[in-house]
Amino acid sequence: MRLLNLTRRLVLAGGAAIALGLAALTPVAAQTPPGVLVVGQVAEPQALDPHAVTAVNDFRILMNIYDGLVRYASGTLEVEPALATSWDISEDGTVYTFNLRDGVSFHDGSPFDAEAVVFNFERMLDEDHPYSDTGPFPLSFFFSSIDTVEAVDDMTVRFTLSEPYAPFLSNLAYPTGLIVSPAAVMEHGSEFGRNPSGTGAFTFAEWRSNEAVVIEANPDYWDGAPALQAVVFRPITDANTRVAEMLSGGIDMMVEVPPVALSEFQGDEFTIVEQAGPHVWFLILNMREGPFTSQLVRQAANYAVNKTALVEEVLEGTAAVAAGPTPPAFAWAYNEELEPYPYDPDRARELLAEAGVENPEVTFYVTEGGSGMLDPVAMGTAIQADLEAVGFDVTIETYEWNTFLGRVNPGLEGEADMAEMAWMTNDPDTLPYLALRTGAWPEEGGFNSGYYSNPEVDALLEEARSATDQDRRAELYREMQVIVQEDAPWVFVANWVQNAVTSDAVEGFSLEPSFFLLLQDVVKN
């Protein structure tokens with residue numbers, strides 16, 4: 001209880017610092033104690049159940065509480081052992097047999113074994129599972145190729161797939177593949193997301209809504225006890241407030257630093273950390289109703305938005321203009337011949353006239369913040385001005401991040417004509433399969449909120465995910481990118497280089513291409 005009381009005082013002190021106007025002071029030494037890392041997050045988490053959430057904001061917490069069978073090796077998106085020490089893959093690519101790590105327990109004391117793994121995947125995939133009602137599990141799409149998962153013995157588990165599925169190991173390393181405690185799910189049911197239990201480097205301590213999530217060091221962690229005593233994740237949705245807290249010493253680390261604030265952290269008191277990764281920021285266009293049912297109007301929007309100005313002026317050069325749906329960080333699958341839509345307002349006006357559309361009215365959903373969303377209000381305002389300059393009549397509606405997701409993810413029909421969005425992904429399959437495929441319309445459980453549908457794209461994606469030859473996969477993804485760019489279901493805006501800032505009391509921290517925060521080796525002096 002002593003540590004919980006300490007972190008409670010930290011949160012109250014941080015809030016008081018802002019209330020007293022300490023944001024206007026020059027940077028001061030961190031006020032947080034050694035061994036306790038206070039992280040400024042962009043939003044309140046939705047849940048602490050890795051199977052039930054979709055936002056990187058939540059993943060940044062979850063990756064420290066749970067482990068998967070495999071994980072991404074530090075600094076890469078290459079898979080290495082975690083709760084599985086090794087695995088075998090059948091010659092036809094449909095059977096994966098994992099040898100599990102012995103002697104590991106969940107934080108609640110229950111054993112990690114093959115039956116626990118079976119429970120996790122059947123909970124997500126089997127509607128008749130007794131705990132399937134503890135969902136929904138929106139990214140279970142990642143594992144739709146699984147036919148069966150079975151415990152061969154206590155420490156061996158076998159997955160049989162319906163067909164070869166190239167991203168399978170990578171998806172197991174993603175948060176949706178993290179292994180939760182069956183005993184904790186059975187105990188807490190639908191409240192498991194507020195009472196998490198994994199096998200990770202940190203154990204869950206408490207969650208005070210809109211104040212903090214507190215996790216504490218797991219001294220018995222199989223991969224070595226963390227250096228930190230505890231981590232406090234504080235949701236600070238307003239970017240200016242996060243900056244003020246960082247400058248005043250109320251937090252030790254801040255993720256997603258607004259580009260305009262980077263210059264404030266150039267002194268010796270702070271360290272700015274950057275890392276490239278697969279990120280794309282775009283506008284979802286509603287293709288079911290309204291003006292964007294016309295391809296010409298969608299293309300007009302792509303020509304109308306000055307992406308270079310957004311990247312250079314709003315984002316201060318921290319991103320590059322996006323050419324299509326696949327981030328260039330996936331170098332092997334990226335189509336380098338694809339050129340971004342140029343800024344050409346005259347061409348945009350011509351396309352609107354060709355479509356027979358005059359002053360189309362557009363409702364535009366903008367978020368106040370959120371993981372990977374960069375500077376969404378400023379970007380939304382600039383986009384509104386660009387669109388209105390060529391004849392669109394744009395009305396912005398702004399929402400808090402979790403409210404925003406609740407309106408956008410179920411689909412834009414009856415809601416809006418256009419919405420901001422950003423994805424940070426682990427494989428070239430992930431974003432297009434979950435957000436551009438006909439079978440991923442929201443009513444089918446996917447994230448194709450604009451209802452894009454092209455049978456040719458569907459076929460390319462299906463073939464690419466089952467192709468075992470990477471060169472063939474790359475060829476299919478590059479072809480897909482050309483078609484999607486021409487169809488223009490999105491306005492393709494930016495690919496970001498992620499950043500964070502830490503105080504000089506923090507050592508051993510680096511960002512990952514996966515966009516996760518991995519804090520096991522971090523030291524707080």
Using residues 139-148 as the side-chain source, report each donor-acceptor pair under 3.5 Å to any protein atom, sequence neighbours left out, with the distance given to one decimal.
residue	atom	partner	partner atom	Å
S140	OG	F137	O	3.0
S144	OG	F141	O	3.1

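Within a 6.0 Å radius of CG in D268, no more than 12 heavy atoms belonging to other residues, nucleotides or ligands are found. Counted within 6.0 Å of CD on E163, heavy atoms from surrounding residues, nucleotides or ligands total more than 12; the atom is thus considered enclosed.
When side chains are defined from C-beta on, W401 counts as touching S371, because their heavy atoms get closer than 4.5 Å. Two residues are said to be in side-chain contact when any heavy atoms from C-beta on lie closer than 4.5 Å; W490 and P325 meet this criterion. Annotation: side chain of V95 is not in contact with side chain of F159 (no heavy-atom distance under 4.5 Å). Side-chain contact between F106 and I179 is present, with at least one heavy-atom pair separated by less than 4.5 Å. Side-chain atoms of P226 and F202, non-hydrogen and from C-beta on, do get closer than 4.5 Å to each other. Proximity of S132 to D126: side-chain heavy atoms (C-beta onward) are nowhere separated by under 4.5 Å. Under the 4.5 Å side-chain criterion, counting only non-hydrogen atoms from C-beta, V506 is not in contact with V523. Counting only heavy atoms from C-beta outward, the side chains of F492 and V484 approach each other to under 4.5 Å.
Proximity of a side-chain donor or acceptor of N402 to a complementary backbone N or O of E44 within less than 3.5 Å is detected. A donor-acceptor pair under 3.5 Å is formed between the side chain of Q520 and the backbone N or O of D223. A donor-acceptor pair is defined here as one N or O able to donate and one able to accept, closer than 3.5 Å; such a pair exists between the side chain of Y72 and the backbone of S170. Panel note: side chain K524, backbone P33; a donor-acceptor pair is recorded below 3.5 Å. Judged by distance alone, with hydrogens and angles left aside, the side-chain atoms of N64 form a donor-acceptor pair with the main-chain N or O of L519 at under 3.5 Å. Using modelled atom types, one side-chain atom of Q498 and one backbone atom of E512 make a donor-acceptor pair closer than 3.5 Å. Put simply, the side chain of H129 never gets that close to the backbone of M124: no donor and acceptor are under 3.5 Å apart. At least one donor-acceptor pair under 3.5 Å links the side chain of N218 to the backbone N or O of G200. In this structure a side-chain-to-backbone donor-acceptor pair under 3.5 Å is present from T76 to A73. Formation of a donor-acceptor pair under 3.5 Å by the W281 side chain with backbone atoms of L374 is not found in this model.
Considering only residues two or more places apart in sequence or on other chains, E256 meets the salt bridge (charged side-chain N to carboxylate O under 4.0 Å, His left out) condition with R60. Remark: Y131 pairs with F119 by the ring pair (Phe, Tyr, Trp, His ring centres under 6.0 Å) rule, at least two apart or across chains. Considering only residues two or more places apart in sequence or on other chains, S190 meets the side-chain contact (heavy atoms from CB on, under 4.5 Å) condition with none of them. Take E475 and apply the salt bridge (charged side-chain N to carboxylate O under 4.0 Å, His left out) test, not counting sequence neighbours, and it matches R472. Applying the side-chain contact (heavy atoms from CB on, under 4.5 Å) test to P45 and every residue at least two apart in sequence or in another chain returns L48, D58, I61, W207, V213. With sequence neighbours excluded, the residues satisfying side-chain contact (heavy atoms from CB on, under 4.5 Å) with D238 are N240, T241. Every residue two or more places apart in sequence or in another chain that forms a salt bridge (charged side-chain N to carboxylate O under 4.0 Å, His left out) with D49 is listed here: R123. Legend: residues meeting salt bridge (charged side-chain N to carboxylate O under 4.0 Å, His left out) with R478, ordered by chain and number and at least two apart, are absent.
Salt bridge absent: R234 and E211 never bring a charged side-chain N and a carboxylate O closer than 4.0 Å.
Annotation: side-chain hydrogen bond (donor to acceptor under 3.5 Å, both in side chains) contacts involving residues 86-101, sequence neighbours excluded, comprise S86-N99, S90-D92, D92-T94. Applying the salt bridge (charged side-chain N to carboxylate O under 4.0 Å, His left out) test to residues at least two apart or on different chains, the pairs with a partner in residues 433-447 are R288-E443. Listed by first then second residue, pairs satisfying ring-ring contact (aromatic ring centres under 6.0 Å, His included) with a partner in residues 505-525 read Y174-F516, not counting sequence neighbours.
Among all heavy-atom pairs drawn from A166 and A467, the shortest one is CB-O, 3.5 Å. Closest approach of V522 to A227, counting heavy atoms only: O-CB, 3.5 Å. Nearest approach of D108 to A183, heavy atoms of both residues: OD2-CB, 3.9 Å.
Interatomic distance, CZ of R465 versus CG of L476, reported as 13.0 Å (0.5 Å rounding). Expressed to the nearest 0.5 Å, how far CE of M421 lies from CZ of F282 amounts to 6.5 Å. The distance from the CG atom of D429 to the CG atom of N171 is 7.0 Å, given to the nearest 0.5 Å. Remark: L517 CG to L62 CG distance equals 11.0 Å, nearest 0.5 Å. Taking OH from Y433 and CD from E462, the interatomic distance works out to 4.0 Å, rounded to the nearest 0.5 Å. Note that CD of Q481 and CG of N335 are 5.0 Å apart. Values are rounded to the nearest 0.5 Å.
Each of D252, T271, L37 was evaluated against T502; a single residue qualifies, T271, per the side-chain contact (heavy atoms from CB on, under 4.5 Å) test.
For an aromatic pair to be called close, the ring centres must be under 6.0 Å apart, and Y399 with F404 fails this. Note: F447 and W423 meet the aromatic proximity criterion, with ring centroids under 6.0 Å apart.
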(request) Would you sort out whether I215 and V232 count as a side-chain contact (heavy atoms from CB on, under 4.5 Å), showing the intermediate values? (result) CA-CA 7 Å; I215 59 177; V232 181; over 6 Å; no

(message) Assess the residue pair V257 and I272 against the criterion (side-chain contact (heavy atoms from CB on, under 4.5 Å)); give the C-alpha distance rounded to whole Å, side-chain angles, the decisive distance to 0.1 Å, and a yes or no.
(response) CA-CA 9 Å; V257 184; I272 296 172; over 6 Å; no

(request) Would you check, one step at a time, whether the test side-chain contact (heavy atoms from CB on, under 4.5 Å) holds for V157 with V149? (result) CA-CA 7 Å; V157 66; V149 53; 3.8 Å; yes

(request) Before giving the answer on side-chain contact (heavy atoms from CB on, under 4.5 Å), spell out for F121 and L172 the whole-Å C-alpha distance, their side-chain angles and the decisive distance to 0.1 Å. (result) CA-CA 11 Å; F121 287 90; L172 286 175; 3.6 Å; yes

(request) Go through R194 and S209 one step at a time and tell me if the side chain to side chain donor-acceptor pair (under 3.5 Å) criterion holds. (result) CA-CA 10 Å; R194 302 284 304 198; S209 294; 3.0 Å; yes

(message) Walk me through whether T430 and D427 qualify under side chain to side chain donor-acceptor pair (under 3.5 Å).
(response) CA-CA 6 Å; T430 305; D427 188 275; 5.0 Å; no

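Side-chain contact, W222 with D67: a donor N or O sits under 3.5 Å from an acceptor N or O.
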